[in-house]
Amino acid sequence: MKKIEAIIRSEKFMDVKEALEKRGFYGMTVTDVRGRGRQKGMQLQFRGRVMEIDLLPKVKIELVVTDEEVNDVITIISDYARTGNVGDGKIFIIPIEDVVRVRTGERGEKAI
Amino acid sequence: MKKIEAIIRSEKFMDVKEALEKRGFYGMTVTDVRGRGRQKGMQLQFRGRVMEIDLLPKVKIELVVTDEEVNDVITIISDYARTGNVGDGKIFIIPIEDVVRVRTGERGEKAI
Amino acid sequence: MKKIEAIIRSEKFMDVKEALEKRGFYGMTVTDVRGRGRQKGMQLQFRGRVMEIDLLPKVKIELVVTDEEVNDVITIISDYARTGNVGDGKIFIIPIEDVVRVRTGERGEKAI
Amino acid sequence: MSERVRRAVILIAIVSLLLLVTAAPTLAISPLMQGDATGAKTLKEHPGWPVDFAWTLICGFLVMFMQAGFALVETGFARTKNVANVMMKNLIDYVIGSLAFWVMGYAIMMGANWPSDNLGIIGTTGWFLAGKAYDVSTMAIWFFELVFCATAATIVSGAIAERPKFSVYVIYSAVISAIIYPIYGHWLWGGGWLSSAPFMVKLGGGYGALDFAGSGVVHAIGGYIALAACIMLGPRIGKYDENGNPRPIPGHNIAYAVLGTFILWFGWFGFNPGSTLSAHELRIAVIAVNTNLAGAAAAATAMFITWVKNGKPDVGMTCNGALAGLVAITAPCAWVNSWAAVVIGIVAGFIVCYGYWFLENHGIDDMVGAVAVHGFNGTWGLISLGIFADGTYGVYTTAGPHVTGLLYGNPGFFLCQLISAAVNFAWAFGCGLILFWILKKTMGIRVSPEEEIIGLDITEHATVAYPNFVCTETGLPFSIRGGKE
Amino acid sequence: MSERVRRAVILIAIVSLLLLVTAAPTLAISPLMQGDATGAKTLKEHPGWPVDFAWTLICGFLVMFMQAGFALVETGFARTKNVANVMMKNLIDYVIGSLAFWVMGYAIMMGANWPSDNLGIIGTTGWFLAGKAYDVSTMAIWFFELVFCATAATIVSGAIAERPKFSVYVIYSAVISAIIYPIYGHWLWGGGWLSSAPFMVKLGGGYGALDFAGSGVVHAIGGYIALAACIMLGPRIGKYDENGNPRPIPGHNIAYAVLGTFILWFGWFGFNPGSTLSAHELRIAVIAVNTNLAGAAAAATAMFITWVKNGKPDVGMTCNGALAGLVAITAPCAWVNSWAAVVIGIVAGFIVCYGYWFLENHGIDDMVGAVAVHGFNGTWGLISLGIFADGTYGVYTTAGPHVTGLLYGNPGFFLCQLISAAVNFAWAFGCGLILFWILKKTMGIRVSPEEEIIGLDITEHATVAYPNFVCTETGLPFSIRGGKE
Amino acid sequence: MSERVRRAVILIAIVSLLLLVTAAPTLAISPLMQGDATGAKTLKEHPGWPVDFAWTLICGFLVMFMQAGFALVETGFARTKNVANVMMKNLIDYVIGSLAFWVMGYAIMMGANWPSDNLGIIGTTGWFLAGKAYDVSTMAIWFFELVFCATAATIVSGAIAERPKFSVYVIYSAVISAIIYPIYGHWLWGGGWLSSAPFMVKLGGGYGALDFAGSGVVHAIGGYIALAACIMLGPRIGKYDENGNPRPIPGHNIAYAVLGTFILWFGWFGFNPGSTLSAHELRIAVIAVNTNLAGAAAAATAMFITWVKNGKPDVGMTCNGALAGLVAITAPCAWVNSWAAVVIGIVAGFIVCYGYWFLENHGIDDMVGAVAVHGFNGTWGLISLGIFADGTYGVYTTAGPHVTGLLYGNPGFFLCQLISAAVNFAWAFGCGLILFWILKKTMGIRVSPEEEIIGLDITEHATVAYPNFVCTETGLPFSIRGGKE
Ligand SMILES: Nc1ncnc2c1ncn2[C@@H]1O[C@H](COP(=O)(O)OP(=O)(O)O)[C@@H](O)[C@H]1O
Ligand SMILES: Nc1ncnc2c1ncn2[C@@H]1O[C@H](COP(=O)(O)OP(=O)(O)O)[C@@H](O)[C@H]1O
Ligand SMILES: Nc1ncnc2c1ncn2[C@@H]1O[C@H](COP(=O)(O)OP(=O)(O)O)[C@@H](O)[C@H]1O
């Protein structure tokens with residue numbers, strides 16, 4: 001089992017979520033984060049003085065899936081989160097040793 | 001060492017925290033997240049029109065523990081976070097290669 | 001590749017960020033979390049009655065780096081986040097199996 | 001639609017119908033038996049009244065605006081999950097109160113005395129503002145009394161917040177505005193027995209119990225009903241630890257609380273000076289000054305008390321202090337000098353701090369401190385009037401007899417005030433207990449523990465106050481361990 | 001600096017210059033041709049006027065404060081990413097409106113009738129408040145009319161929020177304040193044809209169309225321009241699902257919305273009673289009472305409607321309900337009794353709920369419900385005045401002829417009101433369509449979809465309303481799937 | 001309890017005791033030597049005064065409400081970690097100011113002239129509002145002057161926010177309200193030398209320096225004390241980068257800032273028109289119009305300046321612009337025509353933008369822009385009065401001599417105003433420097449860097465303003481790199 005951690009643009013989240021849902025990936029955990037990378041921030045003003053913001057709001061989606069599903073999920077997320085501009089985000093694949101469903105105590109793949 | 005990532009109901013957080021504390025698990029990191037899974041969301045209204053919310057607020061607890069402690073912690077969290085209804089949450093076990101205590105620079109298990 | 005998860009004091013975040021930037025570590029994802037450990041919380045009052053707060057605001061920095069860079073990053077973070085008092089935080093090193101850059105679909109180290 | 005709702009709605013439908021049927025005749029198309037609805041006659045008889053009408057109405061507007069102040073203070077002291085509910089309760093008590101006071105509250109409070117002019121128990125004329133009550137003067141007074149009534153009603157919402165059923169609150173709003181508040185109001189301001197019965201007048205030396213702008217009539221009534229309601233409801237989940245020690249549950253927005261305090265202070269200038277109902281009473285200037293000084297003295301006192309106690313000045317308690325001083329000066333504002341106003345304020349500052357902590361230590365979970373602010377200090381207002389009245393102002397008017405208190409040699413009047421304070425407490429607390437006891441036995445007054453934990457916004461209104469924000473209770477207050485005195 | 005901005009600035013520079021040049025002569029240093037600028041003469045002729053000036057001005061201040069109420073209601077119903085923009089629009093429409101009404105709005109509205117006294121289409125004197133208009137009475141009326149004009153202007157901002165270009169809004173603000181509002185205002189309040197043309201007066205039986213405080217002149221004008229603007233702009237991205245079913249987009253702060261409602265209610269006491277422009281009209285007391293009762297009845301009605309419909313009382317709709325009642329009573333407030341006020345309010349509560357849902361179901365995305373609140377209920381206000389006027393008050397004054405409606409045997413006046421309502425709708429909706437159509441064809445009225453998704457705070461003002469908060473749309477409203485009726 | 005607190009408390013105890021002892025005799029039970037406390041005599045002598053009392057008091061209430069406006073603007077421009085502290089300072093300066101002005105401020109400001117009637121330096125009667133000052137007229141004036149005094153005091157809190165010790169602020173509040181403000185106030189409004197010394201009156205041509213509602217007396221005094229305080233405190237940590245370039249530190253809630261601006265604008269209608277102290281001065285209408293136009297013109301100007309400069313209209317600066325215009329018109333409001341009001345406003349818009357940026361570039365870290373808004377524009381208000389006064393209004397009254405400025409041929413009066421502006425700056429800035437220098441040397445005026453970084457809410461009040469929200473400074477402003485001009 002793997003945990004897929006995708007950091008994407010906030011404004012693409014809804015599309016990604018719907019695409020995942022259509023392919024049967026319903027469970028997920030979402031966090032609001034701020035990130036920076038190649039994307040160089042943006043300019044805001046405060047009382048007429050310009051400033052540079054270098055941490056931009058992003059959404060982090062965490063999905064735990066079986067090993068076989070990993071590539072599917074990666075493809076879906078990449079497809080739907082992409083705009084082609086810097087700042088589209090990253091997907092990290094992290095090994096998961098075990099999963100427990102709190103409600104039933106089930107373990108392993110059937111608990112996902 | 002493992003990282004235990006538990007996603008539980010917000011309203012159960014206090015109970016879980018106290019239970020962990022009683023068994024000696026004090027250190028933890030907590031994040032507010034939103035999640036969905038089998039639980040099908042809830043209905044709210046806005047200006048009289050009903051809407052379906054499908055991401056519900058959850059609390060994510062992260063605890064890094066030694067390999068031996070993993071099962072203890074899983075049991076405690078499961079016991080105290082359980083209501084028996086869908087939405088009780090999940091626990092993920094993730095391998096940790098090393099831990100550093102910033103204050104002292106200690107590494108490994110003694111840094112937990 | 002590894003994911004470095006550092007939980008540090010909020011007020012040290014700016015220093016750490018600048019230090020990382022100077023050594024060329026620009027990409028990162030930041031989350032606001034609350035944590036507890038040896039640090040014993042703080043006292044606040046509400047309407048004249050004193051209370052003990054045991055979860056304190058911390059900042060979590062996530063950086064994905066190549067295996068060679070891990071120690072560098074650990075040193076930088078430790079150096080700049082340290083005050084020498086309890087509550088300075090922890091750094092966890094987590095294995096990463098793959099990284100995908102959403103924009104280009106690149107995978108592995110070149111996607112970091 | 002749940003059964004409970006269905007029943008509520010049917011009830012309301014029936015009541016409304018009844019009211020309209022009752023109303024129809026009195027509202028009959030011929031305005032024969034009405035008062036001076038155009039105002040022409042009144043103006044002719046009293047050419048100086050325009051300024052008094054303007055004064056009374058504008059001050060009334062300010063008092064109405066206090067609703068926003070209460071809403072903010074209470075919402076600020078509530079947790080995020082109950083914000084919409086607290087706001088809604090504050091809106092709806094004004095709404096329901098307006099209608100209830102129109103239907104019957106006013107008639108009971110300001111109508112003709114029953115059983116006799118000498119011993120007024122309740123008023124009996126002016127239902128629906130129909131007939132003779134369709135008169136410009138009556139309307140002005142109705143409006144002014146309404147906003148006072150609504151103030152009394154709204155006090156309770158903050159004290160009992162975060163746990164009662166919303167439907168219960170709707171019914172409570174109707175009952176206090178239609179019955180509980182008007183009756184004590186009648187006794188003091190409607191020519192009822194406390195102010196006008198011969199034995200009271202004799203005891204006071206020419207006047208019975210007094211209350212200039214409502215420390216007792218408005219604030220203590222609200223405060224002691226709140227006390228009864230808090231007792232009947234019990235404390236919020238998590239308010240007391242296993243050993244029964246109180247745990248603070250901080251409000252979610254201190255900025256709202258301070259803003260609300262400013263709005264209330266602002267509105268109080270309508271409340272107290274406006275209560276002359278006439279700008280020809282130039283004493284309004286003294287009243288404004290006294291009001292302000294008492295509020296300031298009490299706020300400073302409360303601030304210093306917490307500063308000394310915990311080493312840091314507490315913001316919430318300073319707000320409570322300001323309100324406490326304003327409540328306390330409300331009864332005596334027209335009859336004391338500025339030095340006395342400061343002293344009354346200082347004492348109010350002590351009362352609110354120690355009163356609040358005392359109640360909290362004894363199992364009364366009053367979210368905003370309303371009992372200490374409005375109840376205890378309302379009583380202190382009645383009593384301090386009996387002490388400090390300095391003989392420079394008459395019975396709600398410049399003309400004599402001028403009112404004097406204990407310090408100025410009139411122990412009889414001081415006794416009058418003690419009687420009034422005791423009756424006030426008994427009436428409000430008693431009615432509160434009965435009302436909430438009946439509601440508890442019939443429909444139940446408290447939401448379920450699950451609902452309470454999830455928050456009333458979602459469970460009572462299917463809404464979330466701040467949907468775009470990440471809100472949390474994990475840091476505070478869920479992780480509070482044992483408050484310390 | 002983008003091209004668009006450059007052009008806007010140049011435009012403004014030219015206009016300003018023109019204005020100053022025009023103004024210069026009239027502002028000439030000699031005050032020869034001015035009115036009574038000191039007020040000495042006016043006071044001598046009308047020694048009773050100080051109270052009327054004080055009343056009119058203070059009520060005007062309250063109406064000005066309604067700007068804050070609108071700003072809060074609208075901001076509360078907007079998403080976090082548009083907060084600064086909505087606030088800014090509310091501030092700037094008052095700013096631009098003040099200047100535009102000074103330059104020409106007032107002259108068109110209250111100036112001497114053109115083409116003839118009998119058939120006034122527009123007013124023609126008082127530009128820049130110069131010359132004869134430099135007079136204390138004129139100034140008082142200017143101020144009072146300005147704050148009404150600004151109310152009409154600001155209604156639109158909430159309806160169309162979250163998508164129009166800010167520059168478009170600036171221009172819109174100028175046009176409504178300088179032209180659209182003043183012209184209909186002239187017809188009703190400036191001696192224009194709807195109120196004073198002989199055929200209207202004959203039809204009404206001694207008076208033409210009436211509107212005491214502006215259900216039609218202010219609210220319906222704003223509401224129907226909003227309707228036109230909503231149609232020209234189209235709904236926000238995400239408001240309708242693939243099947244065209246509306247999806248609720250909850251506002252980010254329900255506490256602001258309720259606070260705003262309280263402030264508006266408070267300000268309405270300036271709006272309605274203040275419209276006598278004189279405290280000598282003791283009828284102000286009746287007006288205050290009617291205003292309050294209609295607001296309360298409508299709020300209660302809206303609450304019960306949602307309670308029955310969805311099983312829980314809705315907070316946002318209750319706020320809308322209160323405002324709907326206040327809008328509806330604004331035209332008839334001086335001419336009806338309290339029973340009628342309650343009935344008018346109850347009907348308003350139904351209109352606002354079903355009106356809002358109807359529009360939402362038909363593709364009109366009105367963020368705050370302004371069309372239902374101000375438009376539909378503005379019309380209902382005009383009509384209800386034609387129905388319920390009970391013959392106890394004259395034409396904006398105590399003196400006769402007293403105004404009667406359908407129920408009291410004057411169908412002619414009822415017809416007058418229907419005509420006025422129809423003209424009102426045609427004028428506002430028509431002008432709105434033309435204005436926004438021209439703007440759409442020339443500069444474009446809507447931001448790009450990308451800008452809309454990012455939010456207008458960043459794209460139009462380069463700012464973030466709450467920089468220290470983590471704000472999210474992932475839970476709400478992005479994850480809403482299909483609203484249900 | 002820390003040592004610092006202990007000392008503060010003891011100090012306060014001693015002072016209070018002293019005050020009470022001093023007070024006791026004057027407060028003696030016999031009202032023999034008091035003024036007209038009931039108001040009966042005053043009313044008999046001046047039967048027209050009720051409307052003037054009502055006007056003055058209601059306007060005073062509006063000014064008091066400006067405290068809420070200041071609190072919101074300042075809190076909105078502060079970071080989350082200092083919200084409770086900023087709110088508390090705004091509350092407490094009103095509280096302490098009320099008491100200090102009662103004890104001595106009023107006596108110094110409005111008491112009998114010393115050393116001579118011709119050359120008043122300070123006032124000397126009316127301590128504690130006792131004795132002769134227990135009089136309805138005195139009380140009305142006390143109240144009105146108090147709320148002005150509190151405005152001056154509160155201006156400083158926003159400028160120096162996020163770094164001073166709270167205890168220092170308490171002491172500062174007492175000193176400005178008891179001494180600094182009253183003395184300059186006496187010179188202008190208490191019959192002191194600037195307005196009444198023979199050489200000034202001669203220079204002005206029948207009147208000395210004037211200031212209708214306090215551009216100088218209130219705003220510039222507050223603004224220049226703020227400047228001194230900013231210099232003594234130094235900038236906030238992080239305000240300047242290594243090269244000394246300013247970095248913007250955005251406030252946490254732009255909605256509060258705009259709401260506060262609306263409240264201040266609303267309150268200003270009490271501030272300026274109310275300063276006639278009489279509704280018989282029908283000029284109040286002109287004053288209201290001028291006030292509004294200047295605010296609007298300045299807001300529009302500031303908006304366009306930022307729009308041109310950065311390509312987008314800035315919300316915060318537009319708010320500052322509105323306030324700048326209101327400050328500038330405060331002195332001349334009664335003496336100029338509407339065209340001049342617009343011009344004064346436009347200039348104010350430029351002054352506030354470039355003034356603020358200039359100071360920021362020169363190391364003055366003024367969180368809200370108070371020096372530019374209140375200081376520079378206060379001075380501009382005094383000077384513009386000397387330029388534009390058009391001879392249509394007398395010296396605070398309708399009666400002559402009518403005031404004329406430079407443009408209308410009276411350079412002497414223009415000189416008077418320049419002198420007044422210079423004295424004003426010297427007095428405020430000098431006193432500010434001395435006061436904060438003494439406090440710095442004795443108790444220290446600034447919290448430690450650690451405390452500043454953690455935030456004053458926790459370190460000064462042991463509280464958190466929004467405990468249920470996740471607040472962050474990681475996105476903004478901690479990650480701002482170098483502001484650009
Ligand atoms: N090395 C990294 N470690 C952790 N998160 C990263 C890293 N690099 C980028 N990110 C996250 O990915 C987001 C997008 O990265 P960015 O480099 O701006 O875009 P792109 O991947 O399209 O080049 C960032 O905002 C940040 O949250
Ligand atoms: N595949 C998944 N990946 C990540 N998080 C998940 C996944 N499935 C569920 N979750 C998280 O667990 C929470 C509870 O899951 P849910 O399926 O509703 O309950 P249960 O586990 O009791 O069936 C969700 O709200 C979500 O935060
Ligand atoms: N076992 C743990 N698992 C996860 N997070 C931890 C753990 N222990 C500590 N932390 C995080 O590290 C932070 C600092 O830990 P603490 O023990 O207070 O300081 P120190 O590491 O300096 O002794 C905590 O606030 C918490 O967020």
Side-chain angles (χ1 to χ4, degrees), chain A residues 1-8 10-35 57-67 69-70 73 77 92-112, chain B residues 1-10 12-13 15-16 19 29-41 52-63 65 67 70-97:
Chain A
M1 291 168 295
K2 305 286 177 233
K3 180 161 84 160
I4 294 172
E5 256 186 49
I7 292 147
I8 61 167
S10 314
E11 58 265 35
K12 286 286 167 191
F13 171 70
M14 190 162 65
D15 296 348
V16 170
K17 193 184 64 158
E18 277 181 13
L20 286 168
E21 190 176 337
K22 282 207 184 103
R23 314 293 168 87
F25 298 102
Y26 194 78
M28 63 168 64
T29 300
V30 181
T31 319
D32 298 285
V33 299
R34 285 150 196 252
K58 301 275 170 190
V59 167
K60 186 209 268 187
I61 311 178
E62 290 169 278
L63 285 112
V64 173
V65 296
T66 60
D67 295 358
E69 295 167 333
V70 169
V73 171
I77 296 180
F92 305 129
I93 290 90
I94 300 167
I96 288 286
E97 302 198 344
D98 204 354
V99 175
V100 184
R101 184 191 306 279
V102 170
R103 173 163 48 92
T104 56
E106 286 161 291
R107 290 221 176 187
E109 296 210 350
K110 61 183 182 298
I112 295 182
Chain B
M1 289 167 296
K2 305 286 177 233
K3 181 161 85 159
I4 295 174
E5 255 186 50
I7 292 147
I8 60 167
R9 292 180 191 278
S10 314
K12 285 286 166 189
F13 171 70
D15 296 347
V16 170
T29 300
V30 181
T31 319
D32 299 285
V33 299
R34 286 152 196 251
R36 61 183 210 171
R38 306 237 169 124
Q39 193 184 3
K40 274 298 177 307
E52 201 88 38
I53 304 304
D54 63 356
L55 281 171
L56 299 181
K58 302 273 171 190
V59 168
K60 187 209 267 188
I61 311 178
E62 290 168 278
L63 285 112
V65 295
D67 294 358
V70 169
N71 276 322
D72 270 15
V73 171
I74 290 178
T75 318
I76 299 170
I77 297 180
S78 302
D79 286 358
Y80 284 87
R82 184 176 299 139
T83 67
N85 301 318
V86 272
D88 276 355
K90 299 231 182 330
I91 306 174
F92 305 129
I93 290 90
I94 300 167
I96 289 285
E97 301 198 345

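Labels below follow one simple rule: chain letters A, B, ... track the order of the sequence lines, proteins then strands, and each chain is numbered from 1.
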task: Might you confirm whether atom CZ of A:Phe25 has over 12 heavy atoms from other residues, nucleotides or ligands at distances under 6.0 Å?
output: yes
field: Contact class of B:Asn85 relative to chain A, heavy atoms under 4.5 angstrom
entry: backbone
message: What part of B:Val70 gets within 4.5 angstrom of chain A, counting heavy atoms only: side chain, backbone, both, or neither?
response: neither
- prompt: Where does A:Glu62 contact chain B at under 4.5 Å (heavy atoms): side chain, backbone, both or neither?
  reply: side chain
- line: chain A shares the most heavy-atom pairs under 4.5 Å, among B:Asp88, B:Ile93, B:Ile74, with B:Ile93
- prompt: Would a 4.5 Å heavy-atom cut-off, applied to side chains only, mark B:Asp54 and A:Lys17 as touching?
  reply: yes
- prompt: With a 4.5 Å heavy-atom cut-off, do B:Lys3 and A:Glu97 have their side chains touching?
  reply: no
message: Less than 4.5 Å to any heavy atom of chain A: does that hold for the side chain of B:Ile94, its backbone, both, or neither?
response: both
field: B:Arg36 side chain vs A:Met28 backbone, donor-acceptor pair below 3.5 Å
entry: no
- prompt: Who passes salt bridge (charged side-chain N to carboxylate O under 4.0 Å, His left out) against A:Lys58, sequence neighbours left out?
  reply: none
message: What part of B:Lys60 gets within 4.5 angstrom of chain A, counting heavy atoms only: side chain, backbone, both, or neither?
response: side chain
For B:Lys90, all residues meeting salt bridge (charged side-chain N to carboxylate O under 4.0 Å, His left out), sequence neighbours excluded: none
